[in-house]
Structures are given as structure tokens and as C-alpha cells.
Protein chains: 2
Amino acid sequence: MEKQTITIYDVAREASVSMATVSRVVNGNPNVKPATRKKVLEVIERLDYRPNAVARGLASKRTTTVGVIIPDVANTYFASLARGIDDVATMYKYNIILANSDGDDKKEINVLNTLLAKQVDGIIFMGHHLTDEVRGEFSRSKTPVVLAGSIDPDNQVGSVNIDYLEATKDATDELIKSGNKKIAFVSGALIDPINGVSRLNGYKKSLAESKISFNEGLVFECDYSYKAGLGLFDRIQNSGATAAVVADDELAVGLLNTLTDHGVKVPEEFEIITSNNSLYTDIARPSVTSISQPLYDIGAVAMRLLTKLMNKEEIDEKTIILPYGLIKKDSTK
Amino acid sequence: MEKQTITIYDVAREASVSMATVSRVVNGNPNVKPATRKKVLEVIERLDYRPNAVARGLASKRTTTVGVIIPDVANTYFASLARGIDDVATMYKYNIILANSDGDDKKEINVLNTLLAKQVDGIIFMGHHLTDEVRGEFSRSKTPVVLAGSIDPDNQVGSVNIDYLEATKDATDELIKSGNKKIAFVSGALIDPINGVSRLNGYKKSLAESKISFNEGLVFECDYSYKAGLGLFDRIQNSGATAAVVADDELAVGLLNTLTDHGVKVPEEFEIITSNNSLYTDIARPSVTSISQPLYDIGAVAMRLLTKLMNKEEIDEKTIILPYGLIKKDSTK
DNA sequence: CTGTTAGCGCTTTCAC
DNA sequence: GTGAAAGCGCTAACAG
């Protein structure tokens with residue numbers, strides 16, 4: 001015996017009204033006489049009727065679902081963004097389909113297509129690198145898109161970020177202020193605009209203002225991982241650097257630990273500033289000075305922006321920059 | 001001018017076949033002559049036809065999406081499970097709707113209902129505490145459910161976990177072996193069966209085997225957070241404990257840091273073993289000995305089990321226990 | 001304020 | 001191997 005699903009039609013019959021009326025009360029349409037509304041509500045209650053969102057989606061062309069493309073939920077940076085996204089989504093009665101891409105071009109395209117096939121009302125994209133192919137799909141589809149903690153050099157779609165350039169400049173300034181001349185710039189792939197353009201330029205700008213010449217040998221490109229940080233010891237030592245601006249907390253803490261494990265005193269002999277102010281920076285000993293990013297808010301604001309886009313509201317500015325801070329801890333003098 | 005969506009009907013017309021045939025080729029039904037298949041495929045390509053998954057879901061009563069209820073994605077423990085879930089989901093062509101519950105009863109019920117309304121094919125539930133109301137909804141709906149890293153005392157639904165009791169016993173044994181007599185048991189809410197039943201019993205079992213009497217004053221119930229760990233100093237000191245088995249890594253590292261910050265030597269004067277072997281345990285100094293749980297696998301296996309349930313395959317055992325380990329690091333002698 | 005009537009785009013018998 | 005036709009459960013004009 002199959003599960004007997006009860007439909008809007010059953011409710012209509014039992015309440016002696018039309019499907020349209022039932023639909024109206026379910027959707028909170030005010031054009032229903034209180035008495036009929038009450039009657040319908042009672043039948044709905046009695047029959048334990050639950051509207052089928054799929055049918056609703058097909059008929060109305062709105063699924064109240066948004067797609068979220070994320071490199072990796074297990075990464076705390078992106079997970080924090082995701083939490084902000086989901087909270088605001090829930091607030092506006094949307095659900096999120098979460099899909100991991102590993103930042104892989106093929107997977108991104110794949111997932112984007114299945115998201116579109118599922119008729120999501122909008123998409124939040126997170127990723128270090130926005131490929132032309134992905135950009136192409138974005139403009140080809142009429143589905144609104146917002147980037148969260150990710151940059152589109154052309155600003156074609158909405159996005160929410162902090163000013164990575166200025167933040168990195170501030171961090172570098174701080175290191176210069178305490179007397180460092182040879183400051184390492186440690187980041188993820190430089191092909192990612194957020195690293196290779198924004199952050200690197202912030203670093204260069206700071207150096208330039210202090211008349212320190214840029215040295216290619218102080219630029220370190222690596223994976224965003226604790227292990228990569230641990231593996232940096234020799235290269236950093238050989239470079240003669242006495243401080244480092246790091247683009248990722250795991251990386252920074254890895255560097256910190258390998259330095260202290262090798263007997264290098266932080267911050268006395270080497271200073272470190274990192275970028276996300278995650279729990280890792282508090283747990284490490286010494287704790288790590290860091291730029292603080294409003295990660296949850298970036299996600300939340302991105303989702304809020306997306307709701308406006310999905311609603312076809314007028315947007316004053318679709319490239320949103322949120323404020324950042326610099327939290328001094330024990331890895332700097 | 002509205003976006004002109006092209007449908008299966010357009011393809012059928014252009015290819016001079018029926019909708020049924022197009023549907024067959026789209027769904028890989030073998031009952032299509034190679035020649036017609038080729039012709040249809042060409043038209044699909046030319047028109048850039050994308051099947052509408054919502055319509056498909058309505059007609060077939062399968063949405064190929066599963067709901068995932070998670071306390072908090074920003075928590076690394078659950079995020080790791082979620083990653084395993086999504087990878088296997090993708091492997092089997094499912095998408096996941098991710099919904100945060102904060103472990104709150106009301107939100108869990110809410111989210112469960114909207115997931116059901118969206119006609120998900122299955123549900124993965126994560127949560128410390130499975131309330132009767134949630135259990136009721138589970139059995140009321142015919143949608144298959146699997147718990148990941150979460151316990152149902154009654155084993156009514158499928159679940160994937162490790163043997164928390166034995167794991168905690170092993171950890172406690174280890175501490176007893178190195179001479180500790182007063183061992184603190186630090187966990188989250190004892191009302192959660194995983195803490196109050198499994199873990200606590202593992203702890204008690206270990207004590208009993210070594211003829212150490214159980215002392216209520218050594219049981220510490222707190223939030224799963226770094227801050228809660230930091231706040232534990234006085235209570236732990238006053239208890240006279242010389243070691244602790246901790247149920248959560250953030251908590252453990254907080255305890256570790258407050259101890260060392262107060263000059264207590266770990267492991268010489270105090271030993272700590274924690275439960276999840278997350279990156280936190282490697283970052284901390286000293287690094288923290290920990291039970292290791294196959295978090296990714298728990299998620300992956302849970303999702304795999306769910307695919308079988310959704311397929312109505314015969315299941316030999318729906319309560320799955322995965323192996324754990326004990327990774328010795330520097331917080332124990 | 002309420003009912004009628006078309007679909008939304010696809011799957012799925014059931015014939016042929 | 002292929003087509004015709006009947007829905008899936010709901011929304012959205014359009015009347016009245």
C-alpha cells in the first residue's frame with residue numbers, strides 16, 4: 001500500500017471550496033474571507049496536509065532554493081561564510097543546496113549546471129579563482145549570482161568582500177613599523193586574483209611607501225594548509241626574512257610552529273601576521289596577530305544581496321566591501 | 001522579453017520524434033534505436049536543451065536531493081562529516097540541502113518539515129540529542145533517515161558512529177596506565193546520550209576495571225567551546241585532578257592553554273586526551289593526544305547507507321560502527 | 001471574495 | 001522501438 005499523499009484537491013473537497021482558495025490561504029493571500037480561511041485551516045490541520053514544494057516550484061517558477069558553490073565546507077574559512085549564508089537564507093525562507101567544488105574548474109561547471117537544472121532561484125559562489133568558463137555560464141543564465149569572499153576582476157556579478165589590498169598593506173605597515181626590512185609575503189596561488197593582485201599589491205604598496213624595494217625572493221606561493229606552513233622553514237630561513245604576512249591561518253600557524261620548534265623566537269626573532277583571525281590564531285602559542293575579517297557577515301550580506309537580486313529590487317551597489325580590523329596578539333612586537 | 005526556456009517538447013518537434021523518445025534518451029533508456037538517439041542528441045546539443053529537474057521531480061516523485069540537518073557547519077567536527085556526505089552524494093548523483101539547526105528542537109522540527117515539503121528523497125541527521133518529537137516525525141514520514149555521528153538510543157533509524165564507549169574507555173585506560181588516580185571527565189551536556197551514556201560509561205568502565213571509585217566531582221559538563229575550556233582552570237585545580245579525558249577538541253585545547261598559561265606543565269603535571277584528533281590538536285603546544293575518528297568516513301558511509309535505503313535495497317545492518325584509533329602526542333606521558 | 005481553467009515540463013503506462 | 005495521452009500537485013490569470 002503506497003503512502004497516500006493528500007493534495008490541495010483533497011483539502012478543497014473536504015472544505016467545500018476550490019483549489020484556488022486553498023492555495024490562497026496556504027500562501028497567505030489576504031483575499032479570503034476570515035470564515036473560509038478558518039474552515040480551510042481546520043481541514044488542513046485535520047488532514048495534516050503539507051504543500052508539495054516541487055509542484056509549487058514547477059507552477060510558480062520559484063523554488064525558494066539557492067545554490068551555494070563552495071570549495072570545501074571542511075575549511076573553516078568557507079564554513080564560516082556558509083553559516084552566514086544559511087542563516088540569512090533561512091530568514092528569507094530559502095534553503096541552500098550546498099555543493100563542494102574543491103576549486104576545480106570541471107566540478108564548478110558541473111555543479112553549476114545541476115544547480116541550474118534544479119531551477120535554483122539564485123547562486124552564491126565561493127572560490128579563489130573565477131574561470132572564464134564559469135563567468136560565461138553566469139552571464140548566459142538569467143539566474144542571479146553573488147560572490148562571497150571571492151573576487152571577479154571585472155565586477156560583472158555582485159560580490160561581498162573586504163578590501164584585501166588595504167588590509168594586507170596595513171599588516172605589512174605594522175611589520176615595517178617594528179623595524180623589519182625583509183618581510184616575506186606568503187600566500188596561496190598567485191594566479192588567484194585575491195592573492196596575486198589584491199594582496200600582493202597591498203604588500204608592494206606598503207613597501208613602496210617605506211622605500212623598501214620589492215624582492216621577488218620574499219614571495220612564497222604555497223598551498224593553504226598547515227602542512228605547507230610546516231614545510232616552509234628552510235625557504236624562509238634562507239630568504240633572510242625576519243617577518244611574514246601570511247594569507248591563510250593554517251599556513252601561518254604551520255610556519256609559526258616550525259619556527260618555534262626550530263628554536264626561533266616569535267616575535268623576538270620573527271614576526272607573523274595572518275589574515276583570518278580564526279580560532280587557530282588564538283590556540284597557537286604565541287597567539288597570532290591577524291587581520292580580522294567579518295566572515296559570517298560576508299556570507300550573510302552576500303545572501304541578503306542575493307535576495308534583493310532575486311526580487312528584482314533596485315540595487316545601489318552590487319560590489320560590497322565590508323570593514324576589516326587588525327587584532328594584535330603575541331606574534332608581533 | 002522573457003527568457004525563452006526550451007522544453008522537451010521543442011526537442012521532440014525539432015527531432016521529429018515524440019516527447020517520450022526524448023525522455024528516453026535523456027534518461028539513458030536502452031529502448032531507443034541508435035540512429036534516433038543520435039538524432040535526438042544532436043537536437044539537444046543544438047538547442048542547448050537542459051532538462052528541468054523540478055518538472056522531473058514532480059513527474060517521477062524523485063528529486064535526487066537529500067536533506068542534511070546539521071547543528072552548525074562552522075563547527076569543524078560536523079563540517080568534516082558534511083564533506084563526506086556531499087562527496088558520496090555527488091558520487092550517486094544526489095545534491096544536498098544543508099540546514100543548520102543549532103541543535104535546537106524547534107529549528108530541527110521546522111527544517112525537517114521544509115525538507116519534507118521539498119520532497120527530499122532522504123535525510124541525514126546530525127545532532128547531539130534526538131528529541132522524541134524529531135523521532136516522531138521520522139517514523140511518521142516514509143522518507144529514509146540516517147544519523148551520522150549521532151546516536152538514537154532506540155536504534156529505530158540507520159546510523160553511523162564509532163564506539164564512543166570503548167574509545168573513551170581506552171583513553172581513560174591510557175591515563176590510568178601512566179599512574180593517574182584522579183581523572184577528570186570533561187564533556188558537553190550529559191543529557192546527550194553520546195556523553196551522558198556512551199562516554200560516561202566508558203569512563204566508568206575503565207575506572208571500575210582498575211578499581212578506582214567513581215567520583216561525581218570529577219565530572220565536568222560544559223559547552224563545546226574553546227572559551228569553556230579556558231574557563232575550566234579553577235574548577236579543575238580544585239578537583240585535584242591530574243589528568244582529563246575530554247569530549248571535544250576545542251574544549252581540550254582551551255583547557256590545555258589555560259593550564260600552561262597558569263604554569264602547569266603538560267604532560268608532566270597534567271595529562272590530557274581528547275576525542276576528535278582535529279587540526280587543533282596538532283596546532284596546540286604541546287600537541288594533544290587524541291582518539292581519532294574517521295569523520296569524513298562516518299559522513300560518507302552514512303550517505304552510502306542512505307542511498308541503499310532510498311533504493312529500497314536490503315540492508316544487513318543499519319547500525320554501523322566504524323573503527324577508531326588513539327593517536328599519542330605530547331599531552332600524555 | 002471565490003471558482004474555473006489552463007498550464008508548468010517531465011515521466012510513465014499502455015498501445016501499436 | 002516509438003508515440004499518445006494522462007497525470008504529478010500546484011499557481012495564476014481571468015471571470016464573476
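In the text below, chain A, chain B and the rest are named by the order of the sequence lines, each starting its count at 1. All figures in this text were calculated on a predicted structure; none of them were measured in a lab.
- One interatomic measurement links the two molecules: CD of A/Gln119 to P of D/dC10, which rounds to 19 Å at whole-angstrom precision.
- To the nearest 0.5 angstrom, B/Lys106 atom NZ is 9.5 Å from B/Thr131 atom OG1.
- For the OP1/OP2 pair of D/dA5 and a distance below 4.0 Å, the side-chain nitrogens and oxygens of B/Tyr9 include no atom meeting the criterion.
- A donor-acceptor contact shorter than 3.5 Å links the side chain of B/Ser60 to the backbone of B/Arg56.
- Looking at A/Arg83 and B/Asp102, a side-chain N of the basic residue comes within less than 4.0 Å of a carboxylate O on the acidic one, giving a salt bridge.
- Checked by atom type and distance alone, the side chain of A/Ser150 pairs as donor or acceptor with a backbone atom of A/Ala148 at under 3.5 Å.
- Contact check, A/Lys61 against D/dA12: no side-chain N or O comes under 4.0 Å of OP1 or OP2.
- We find that A/Glu137 and A/Arg140 are joined by a salt bridge, their nearest charged nitrogen and carboxylate oxygen being less than 4.0 Å apart.
- Among the atoms of the strands shown, none is found under 4.0 Å from any heavy atom of A/Val26.
- The residue B/Thr7 sits close only to the backbone: its heavy atoms come under 4.0 Å of sugar-phosphate atoms, none of a base.
- In the set D/dC10, D/dG1, D/dC8, the nucleotide with an atom closest to the side chain of A/Pro51 is D/dC10.
- Residue contacts shown for B/Asn52 are limited to sugar-phosphate atoms, with no base heavy atom under 4.0 Å away.
- Side-chain atoms of A/Lys118 come within 3.5 Å of backbone N or O of B/Thr64 as a donor-acceptor pair.
- To the nearest angstrom, C1' of D/dC10 lies 9 Å from CG of A/Asn27.
- Proximity of a side-chain donor or acceptor of A/Asp10 to a complementary backbone N or O of A/Thr7 within less than 3.5 Å is detected.
- Contact check, A/Ser23 against D/dC10: no side-chain N or O comes under 4.0 Å of OP1 or OP2.
- At the heavy-atom level, A/Val17 lies under 4.0 Å from the strands shown only through sugar-phosphate atoms.
- The side chain of B/Val32 lies closest to D/dT2, out of D/dA4, D/dT2, D/dT11.
- B/Arg24 has its CZ atom 11 Å from the P atom of D/dA4, to the nearest Å.
- The overall bend of the helix from C/dC1-D/dG16 to C/dC16-D/dG1, read as the angle between its terminal helix axes built from five base pairs each, is 30° when rounded to 10 degrees.
- For the residue pair B/Asn75/B/Tyr224, the side-chain donor-acceptor check at 3.5 Å is not satisfied.
- The side chain of A/Ser60 contributes no N or O atom lying less than 4.0 Å from OP1 or OP2 of D/dA12.
- Put simply, chain A comes within 4.0 Å of DNA chain C, heavy atom to any atom, from C/dC1 to C/dG9, going 5' to 3'.
- For A/Arg50 against D/dG9, a side-chain-to-base donor-acceptor contact under 3.5 Å is absent.
- A residue-by-residue look at B/Pro34 and A/Ala55 shows that B/Pro34 has its nearest nucleotide of DNA chain D further toward the 5' end.
- Between B/Thr21 and D/dG1 there is no side-chain N or O to OP1 or OP2 distance below 4.0 Å.
- Proximity of A/Arg56 to the phosphate of D/dG9: no side-chain N or O atom is located under 4.0 Å from OP1 or OP2.
- Here the P atom of nucleotide D/dG7 and the CE atom of B/Met19 are 15 Å apart, to the nearest Å.
- Between the CG atom of B/Asn31 and the C1' atom of D/dG3 there is a distance of 14 Å, given to the nearest Å.
- For B/Glu14, the salt bridge (charged side-chain N to carboxylate O under 4.0 Å, His left out) test picks out B/Arg46, with sequence neighbours left out.
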Inset, instruction - Starting from the C-alpha separation in whole Å, work towards a yes-or-no answer on salt bridge (Lys or Arg N to Asp or Glu O under 4.0 Å) for A/Arg135 and A/Asp132. - result: CA-CA 5 Å; A/Arg135 300 249 305 292; A/Asp132 289 340; 3.5 Å; yes
